[in-house]
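Here is the naming used below: chain letters follow the sequence lines, and residue numbers restart at 1 for every chain. Predicted, not measured: the structure shown is a model, and the values here were computed from it.
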Number of protein chains: 2
Amino acid sequence: MTTTRRGRRPGAPDTRAAILAAARELFAASGHAGTSVRAVAAAAGVDAALVHHYFGTKDDLFLAALAVRVDPRTAMIPVIEGGVEGAGERIMRVFLEVWDDEESRLPLLALFRGIVEPGGRQLLRDGFLRMVLGPVGQALGLDEPDRRMTLVASQLVGIVMLRYLLVVEPLASAPPDVLVATYAPVLQGYLDGPLP
Amino acid sequence: MTTTRRGRRPGAPDTRAAILAAARELFAASGHAGTSVRAVAAAAGVDAALVHHYFGTKDDLFLAALAVRVDPRTAMIPVIEGGVEGAGERIMRVFLEVWDDEESRLPLLALFRGIVEPGGRQLLRDGFLRMVLGPVGQALGLDEPDRRMTLVASQLVGIVMLRYLLVVEPLASAPPDVLVATYAPVLQGYLDGPLP
DNA sequence: GGCGTTTTTCATCATGTGATGAATTATGCG
DNA sequence: CGCATAATTCATCACATGATGAAAAACGCC
């Protein structure tokens with residue numbers, strides 16, 4: 001887009017969608033704090049004012065980019081329905097399906113990169129982790145559901161960090177089936193094994 | 001410090017130390033990107049120009065704040081000396097000692113909050129994780145040391161995230177002995193258990 | 001006491017950020 | 001075809017950031 005005069009562009013360019021797509025990518029890469037409205041606009045090939053026009057404030061844009069494409073609670077239904085037997089493996093499979101699919105991975109990456117700000121930490125802890133852990137632990141009928149689900153989360157979050165955020169090998173490129181076989185027993189132990 | 005005229009303050013105030021202490025706290029809370037030089041200066045009760053005077057650029061200040069008080073490789077010596085038997089428990093104990101001590105925890109927190117910037121990610125992955133995992137795995141004489149140590153790291157990093165960065169209960173306030181008893185078997189399995 | 005050095009603040013710069021409003025262009029309807 | 005509306009850029013604002021340099025004050029040595 002070399003010619004840039006004021007006014008509406010000819011045709012039906014879906015600039016709003018372009019902005020949202022750019023925002024999802026950039027927020028996923030650098031989080032809310034590390035992403036500027038101008039960077040999103042540049043990536044979308046528009047002027048920054050257009051971002052405000054369509055989405056309002058930067059925070060509003062961030063929320064739009066976070067819009068959940070796959071509700072984690074919905075994704076967990078197969079886990080819950082099978083009961084606690086074999087739940088470790090089902091959790092691991094669902095977890096990998098969600099994270100290995102870019103549609104759902106981008107907003108999750110953006111969430112995790114929010115740990116530099118108190119608001120972002122609260123969003124991740126209370127707006128996401130609690131929201132998923134609580135209901136699943138209850139639905140599985142676990143004894144000490146909070147404690148057990150937190151142990152499960154401590155392993156899953158570690159995988160998130162190394163495989164998806166930091167890209168540490170050989171974990172980052174490990175085949176999903178190997179990961180399932182590796183971690184399912186651990187998760188199962190956290191779910192129904194002995195607790196000290 | 002209500003009176004602020006130009007020039008040297010009377011007495012021997014160790015403003016350099018005050019700046020460094022403030023920097024360590026703020027970088028630990030908000031990372032490099034989320035911390036401004038002016039915020040550090042304000043926390044130390046000085047003018048921002050003094051920060052530059054003593055430490056140079058913001059990056060230089062960050063590196064100074066990261067200065068390792070406890071070399072993680074040194075901390076790992078007791079783990080290594082005992083061989084692979086019981087290494088899971090020893091790793092967990094050393095890990096908690098390091099993280100539950102503010103002196104060593106602050107720079108580590110600052111490191112982890114660097115995931116919003118490519119440079120910060122590289123520092124954490126290559127400048128820290130690789131540095132610790134590689135030698136320990138080799139020294140323990142593990143088969144597939146990289147793979148096994150990465151599995152161990154995936155659990156430890158998850159604990160870091162939930163206990164120290166996000167402060168998720170009941171993990172954040174769990175007594176160290178309970179954590180050791182909970183996680184040591186898992187870490188031991190990653191070290192010398194069967195691998196899929 | 002004078003002077004050189006160190007410490008410290010003030011003033012300022014270049015640049016970037018989120019955001020607003022006016023001018024311009026394209027579209028679709030009557 | 002004219003007009004109202006929507007889309008888009010340009011211009012601008014207030015403020016923040018990392019950083020620099022000069023002015024001023026304190027200290028210690030000769």
Exercise. Does any pair with a residue in residues 122-136 of chain A pass side-chain hydrogen bond (donor to acceptor under 3.5 Å, both in side chains), and if so which ones, sequence neighbours excluded?
Worked result: A:D126-A:R130
For this session: Start with the C-alpha gap between B:S154 and B:Y190, add the side-chain angles, then the distance that decides, and say whether side-chain hydrogen bond (donor to acceptor under 3.5 Å, both in side chains) holds.
Result: CA-CA 10 Å; B:S154 74; B:Y190 287 154; 5.0 Å; no
For this session: Assign the ring pair A:F62 / A:H32 to parallel, tilted or perpendicular, where the plane angle (0 to 90°) is split at 30° and 60°.
Result: perpendicular
Problem set entry | Close approaches to DNA chain D from residues 109-122 of chain B, in residue order (heavy atom, under 4.0 Å) | none
Problem set entry | Salt-bridge criterion met for B:R6 and B:D47 (N-O under 4.0 Å) | no
Seminar exercise, completed: So, with a heavy-atom separation below 4.0 Å from DNA chain C, the residues of residues 13-34 of chain B are B:P13, B:T15
Seminar exercise, completed: Residues in residues 35-44 of chain A with a heavy atom under 4.0 Å of DNA chain C, by number, are A:T35, A:S36, A:V37, A:R38
Exercise. What pairs of residues pass the ring-ring contact (aromatic ring centres under 6.0 Å, His included) test when at least one of them lies in residues 107-133 of chain B, not counting sequence neighbours?
Worked result: B:W99-B:F112
Exercise. Going by the salt bridge (Lys or Arg N to Asp or Glu O under 4.0 Å) test, which pairs reach into residues 50-67 of chain A, not counting sequence neighbours?
Worked result: none
Seminar exercise, completed: Closest heavy-atom pair, B:H52 versus B:T57, reported as atoms and distance to 0.1 Å, is ND1-CA, 4.4 Å
Exercise. Would you call A:R148-A:D143 a salt bridge at under 4.0 Å N-O?
Worked result: yes
Problem set entry | Contacts of type salt bridge (charged side-chain N to carboxylate O under 4.0 Å, His left out), residue A:D14, not counting sequence neighbours | none
Problem set entry | Pair listing, side-chain hydrogen bond (donor to acceptor under 3.5 Å, both in side chains) test, anchored in residues 167-176 of chain B, at least two apart | B:E169-B:S173
What pairs of nitrogen or oxygen atoms, one from the protein and one from nucleotides 26-30 of chain C, lie under 3.5 Å apart?
unit_1	atom_1	unit_2	atom_2	d
C:dT27	OP1	A:G11	N	2.6

For this session: Scan for salt bridge (Lys or Arg N to Asp or Glu O under 4.0 Å) pairs involving residues 16-44 of chain A, sequence neighbours excluded, and state none if there are none.
Result: A:R24-A:E103
Problem set entry | Sub-4.5 Å side-chain heavy-atom contact between B:L133 and B:D146 | no
Exercise. Roughly how far, to the nearest 0.5 Å, is OG1 of B:T182 from CG of A:L151?
Worked result: 6.0 Å
Exercise. Got a sec, which residues hit salt bridge (charged side-chain N to carboxylate O under 4.0 Å, His left out) with B:E85, two or more places apart in sequence or on another chain?
Worked result: none
Exercise. Where along residues 46-61 of chain B does a heavy atom come under 4.0 Å from DNA chain D, residue by residue in number order?
Worked result: B:A49, B:H52, B:T57, B:K58
Exercise. Under a 4.0 Å N-O cut-off, is there an ion pair linking B:R93 with B:E89?
Worked result: yes
